[in-house]
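Here is the naming used below: chain letters follow the sequence lines, and residue numbers restart at 1 for every chain. What you see is a predicted model, and the numbers here were worked out from it, not measured in a lab.
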Protein chains: 2
Amino acid sequence: MSLFAGLSAFPLTPLNRDRIDERSFAALVQRLQAAGVDSITALGSTGSYAYLDGAERDRVAALAVEHAGGIPVFVGVGELRTSRMLARIDGAQAAGASGIMLAPLGYQKLNDQEVFELFAAASTHSELPIILYDNPGTTHFAFTPQLYTRIAQLPNIASIKIPGVPAEPAAALGHVRRLRSVLPARVTLGVSGDQFGAAGLLAGCEAWYSVIGGTLPRLALSLARLATSGQADAALAESRRLAPLWEQFARFGSLRVTAAIAEQLGLVPENCLPLPVQGLDARQRTELARVVAQLGLAE
Amino acid sequence: MSLFAGLSAFPLTPLNRDRIDERSFAALVQRLQAAGVDSITALGSTGSYAYLDGAERDRVAALAVEHAGGIPVFVGVGELRTSRMLARIDGAQAAGASGIMLAPLGYQKLNDQEVFELFAAASTHSELPIILYDNPGTTHFAFTPQLYTRIAQLPNIASIKIPGVPAEPAAALGHVRRLRSVLPARVTLGVSGDQFGAAGLLAGCEAWYSVIGGTLPRLALSLARLATSGQADAALAESRRLAPLWEQFARFGSLRVTAAIAEQLGLVPENCLPLPVQGLDARQRTELARVVAQLGLAE
């Protein structure tokens with residue numbers, strides 16, 4: 001099995017008074033290892049990579065590998081400036097990461113050639129396998145299948161993290177098949193957007209890059225195992241059961257909701273997100289606590 | 001006259017092999033001073049603020065004030081994380097800036113309350129007057145007039161940089177009047193989007209926050225003076241004459257076009273933009289050179 005398959009869990013990077021809470025972060029990583037996730041992706045969007053400075057990020061990468069107990073760790077290396085992105089690759093490599101994840105962060109709108117050359121720079125800078133991170137909701141860059149294909153031909157491209165699949169199963173299958181048809185066999189597809197996790201795996205994605213998996217790994221593993229063992233109906237039913245959680249994600253953003261759940265479970269300190277991003281307010285927390293209780297999410 | 005009125009010119013921050021070219025930057029600032037612009041805004045989008053690290057930005061702020069010969073200098077302080085934004089205010093203040101400009105940079109989508117509290121943090125951190133920088137094209141945050149009003153009531157809010165005005169003069173006038181009606185008198189409005197410069201000033205904006213003014217200050221000053229001296233027809237005619245330039249801005253982004261013009265005039269080194277942002281390619285440069293010659297832009 002590829003390294004870039006199964007459940008990859010995305011832990012939060014909790015802050016405490018604007019400094020990384022290293023103890024909480026280490027405990028989150030150990031919790032993922034204990035649950036048996038297939039890999040850990042540190043410093044994804046859920047890990048607030050875009051908000052942390054270089055030294056903080058290199059430290060988080062090192063902590064993740066140190067506490068993962070041998071489970072492969074991938075590290076988000078996206079930066080607005082190419083030279084800093086290359087420095088983050090160096091940090092991930094020094095930490096002993098098994099791969100890196102790269103999103104085309106933009107301030108000025110990037111064109112396809114600029115994004116291609118960003119990935120080209122990453123792919124020749126080290127031997128680390130690369131996950132192409134397609135997240136138009138945060139980067140505002142829209143990949144085309146053509147650009148996937150061009151980038152996938154670069155050395156060391158190992159996986160593409162796609163932003164969801166169509167809701168309808170046949171459409172999802174068609175979407176994944178079309179992408180697969182333009183990609184080398186060595187490149188896995190990983191679904192993201194947790195509400196699409198089951199549907200994406202059932203449609204043929206090898207991986208689920210999961211936000212909730214970073215905080216509720218048993219829940220996410222159970223869902224992933226249903227989908228990858230061919231229990232399609234059970235997987236889809238479980239994902240539908242979790243609809244109130246996905247609805248919270250849609251309303252407030254998966255980061256804010258996941259941070260509030262982690263706080264409720266005592267896994268992270270209060271106000272663990274990087275300002276200006278704030279957590280849920282008191283009323284929203286009460287509502288979320290009801291969802292957590294109703295769905296039996298505490299683990 | 002308010003400090004936040006007239007032509008505010010936005011210089012590039014040229015790089016040379018990924019390091020700030022301090023000599024070119026100082027010369028750009030001196031050129032603006034010599035042309036007699038009303039103010040200089042360093043580290044705007046045109047000054048690549050989002051791509052530079054804290055030490056680079058504090059250094060650019062200091063260089064700008066040092067070489068501005070007494071002309072007021074405003075400094076862009078936007079950062080993804082509130083604590084770093086406050087550090088940039090400290091840098092601007094240490095440099096002797098006359099004001100700061102703040103955009104709500106986002107990775108996670110920010111809500112109105114988060115943006116309000118970002119400005120609240122800035123407004124109580126120092127006595128420096130603040131320009132609210134509304135640039136949805138880069139920040140992907142959409143201000144409402146209601147949020148303008150709330151933020152404008154904070155201490156030290158001096159101006160709002162708005163993203164253009166409607167093309168039709170009566171509609172532009174109505175737009176500016178409506179904004180004015182919800183803002184305290186001490187807050188000036190400044191138009192941005194250079195194709196809207198003349199129309200915005202004619203519609204009652206006190207300031208033009210100008211990209212092209214940072215590289216072709218005589219051109220921008222001449223246009224601004226026509227508009228602010230009541231020569232509406234002449235101002236609009238001059239802006240229409242420049243339509244081929246505005247079209248280049250629309251096609252490639254004002255940053256890439258301005259950098260290519262500055263390079264053509266020998267003001268900045270080759271490839272002065274922060275990678276992954278690339279300059280125009282050879283064919284695009286040839287076309288732009290034709291526009292520059294046709295419009296007589298070299299100054």
Side-chain angles (χ1 to χ4, degrees), chain A residues 15 17-19 45-46 48-56 78-87 102-122 135-141 251-256 259 273-281 284, chain B residues 15 17-19 45-46 48-56 78-87 102-122 135-141 251-256 259 273-281 284:
Chain A
L15 302 185
R17 297 168 191 270
D18 205 53
R19 296 172 66 98
S45 295
T46 306
S48 295
Y49 77 99
Y51 296 90
L52 306 179
D53 68 27
E56 288 173 327
E79 289 261 20
L80 273 169
R81 187 154 148 205
T82 300
S83 54
R84 286 209 303 258
M85 178 276 289
L86 298 178
L102 175 57
L105 273 183
Y107 179 78
Q108 298 290 337
K109 189 174 163 54
L110 297 177
N111 61 43
D112 281 11
Q113 184 61 22
E114 290 169 334
V115 169
F116 175 78
E117 294 195 17
L118 176 74
F119 279 89
N135 188 346
T138 54
T139 65
H140 306 279
F141 180 80
R251 281 173 61 194
F252 305 114
S254 61
L255 176 64
R256 293 184 185 84
L273 297 178
L275 286 175
V277 181
Q278 296 182 20
L280 302 185
D281 66 26
Q284 293 162 345
Chain B
L15 301 185
R17 297 167 190 272
D18 205 52
R19 297 171 65 100
S45 295
T46 306
S48 295
Y49 76 99
Y51 296 89
L52 306 180
D53 68 27
E56 289 173 327
E79 290 261 19
L80 274 168
R81 187 155 147 205
T82 299
S83 55
R84 285 210 304 258
M85 180 274 290
L86 298 178
L102 175 57
L105 273 183
Y107 179 77
Q108 298 290 337
K109 189 175 162 54
L110 298 177
N111 62 42
D112 281 9
Q113 184 61 22
E114 289 168 336
V115 169
F116 175 78
E117 293 195 16
L118 176 73
F119 279 89
N135 188 346
T138 54
T139 65
H140 307 280
F141 181 80
R251 283 173 62 194
F252 305 114
S254 61
L255 176 64
R256 293 184 185 85
L273 298 178
L275 286 174
V277 181
Q278 296 181 21
L280 302 186
D281 67 25
Q284 293 163 345

### Largest heavy-atom contact set with chain B, pairs under 4.5 Å, which of Asn111(A), Leu52(A), Val115(A), Thr139(A)
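Most pairs with chain B among the choices: Leu52(A).
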Worksheet item: Do you know which of Gly106(A), Gly137(A), Ser83(A) has the most heavy-atom pairs with chain B at a distance under 4.5 angstrom?
Response: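 It is Ser83(A).
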- [ ] Specify the closest pair of heavy atoms between Ser45(A) and Leu255(A), including all atoms of both residues, with the distance to one decimal.
- [x]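 Distance-wise, the nearest heavy atoms are O-CD1, 4.3 Å.
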Under 4.5 Å heavy-atom distance to chain A, tell me which part of [X] shows up: side chain, backbone, both or neither.
X: Asp53(B); result: both
X: Leu273(B); result: neither
X: Gln108(B); result: both
X: Tyr49(B); result: side chain

Just jot down the ring-ring contact (aromatic ring centres under 6.0 Å, His included) partners of Tyr51(B), sequence neighbours excluded, or say none.
->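 For Tyr51(B) there are no ring-ring contact (aromatic ring centres under 6.0 Å, His included) partners, ignoring immediate neighbours.
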Got a second to check how far Phe119(A)'s CZ is from Met85(A)'s CE, nearest 0.5 Å?
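Here the interatomic distance stands at 8.0 Å.
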Original post:
Which value, rounded to the nearest 0.5 Å, describes the distance between Arg256(A) atom CZ and Gln284(A) atom CD?
Top reply: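 Taking CZ in Arg256(A) and CD in Gln284(A), the distance rounds to 9.0 Å.
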### Task
For Gln278(A) and Glu114(B), indicate whether the former's side chain and the latter's backbone hold a donor-acceptor pair under 3.5 Å.
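Side chain of Gln278(A) to backbone of Glu114(B): no pair is present.
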* Asked: Taking the side chain as C-beta and beyond, is there a heavy-atom pair between Thr82(B) and Leu118(B) under 4.5 Å?
  ->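 Counting from C-beta outward, Thr82(B) and Leu118(B) do come under 4.5 Å.
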Between Leu110(B), Leu105(B), Asn135(B), which shows the greatest number of heavy-atom pairs under 4.5 Å with chain A?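 Looking at each option in turn, the highest pair count goes to Leu110(B).
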